Visitor: 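Quick one: the structure is below, and I'll ask about it shortly.
In this text, all values refer to a predicted model and were calculated from it rather than measured experimentally.
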Amino acid sequence: MAEQKKVEELTYKEASQELERIIRSLESGDMELEESLESYTRGVELLKSLRGRLSEAEQKVSILLQDVDGTDALVPADAASTDDKLSF
């Protein structure tokens, strides 16, 4: 496997695209066992990172509601699931 950036150094988009490439490669069945295991491990790391980032973003997202006094009230959004199962 080629030299890769650390997962933390990737943007959300880069990590998502890399995960998609890994999934396509694993689904093709053309890789050797060792390469498949490396790819799967990298995919799990990417998935955990993506889910964590998404959860953080969802927690930051708030809906502004106008209350009776005309002041804004923040209502936090629900966090995403952090289930780490990788399914194909």
Visitor: Do E45 and K48 touch side chain to side chain, with heavy atoms closer than 4.5 Å?
Guide: no
Visitor: If you apply the rule side chain to side chain contact (heavy atoms under 4.5 Å, CB included), what do you find for L19 with R42, and how did you get there?
Guide: CA-CA 8 Å; L19 180 58; R42 176 75 172 181; over 6 Å; no
Visitor: Name all residues meeting the side-chain hydrogen bond (donor to acceptor under 3.5 Å, both in side chains) criterion together with S16; count only those two or more places apart in sequence or in a different chain, and write none if there are none.
Guide: none
Visitor: If hydrophobic clusters are built from ILVMFWY residues whose side chains come within less than 4.5 Å, do I22 and Y12 share one?
Guide: yes
Visitor: Among all residues two or more places apart in sequence or in another chain, which pass the side-chain hydrogen bond (donor to acceptor under 3.5 Å, both in side chains) test with R53?
Guide: S49
Visitor: If you count the non-hydrogen atoms of other residues, nucleotides and ligands that lie under 6.0 Å from CD in E9, is the total more than 12?
Guide: yes
Visitor: Drop me the distance from Y40's OH to L33's CG, to the nearest 0.5 angstrom.
Guide: 13.5 Å
Visitor: Is it true that a side-chain atom of E14 and a backbone atom of T11 form a donor plus acceptor pair closer than 3.5 Å?
Guide: yes
Visitor: When rounded to the nearest 0.5 angstrom, what distance separates OG in S36 from CG in D30?
Guide: 9.5 Å
Visitor: If you measure from CZ on R21 to CD on Q17, what distance do you get to the nearest 0.5 Å?
Guide: 6.5 Å
Visitor: Evaluate the salt bridge (Lys or Arg N to Asp or Glu O under 4.0 Å) criterion for residues K5 and E18: first the C-alpha distance (whole Å), next the side-chain angles of each, then the deciding distance (0.1 Å), finally the verdict.
Guide: CA-CA 11 Å; K5 282 185 177 180; E18 184 177 344; over 6 Å; no
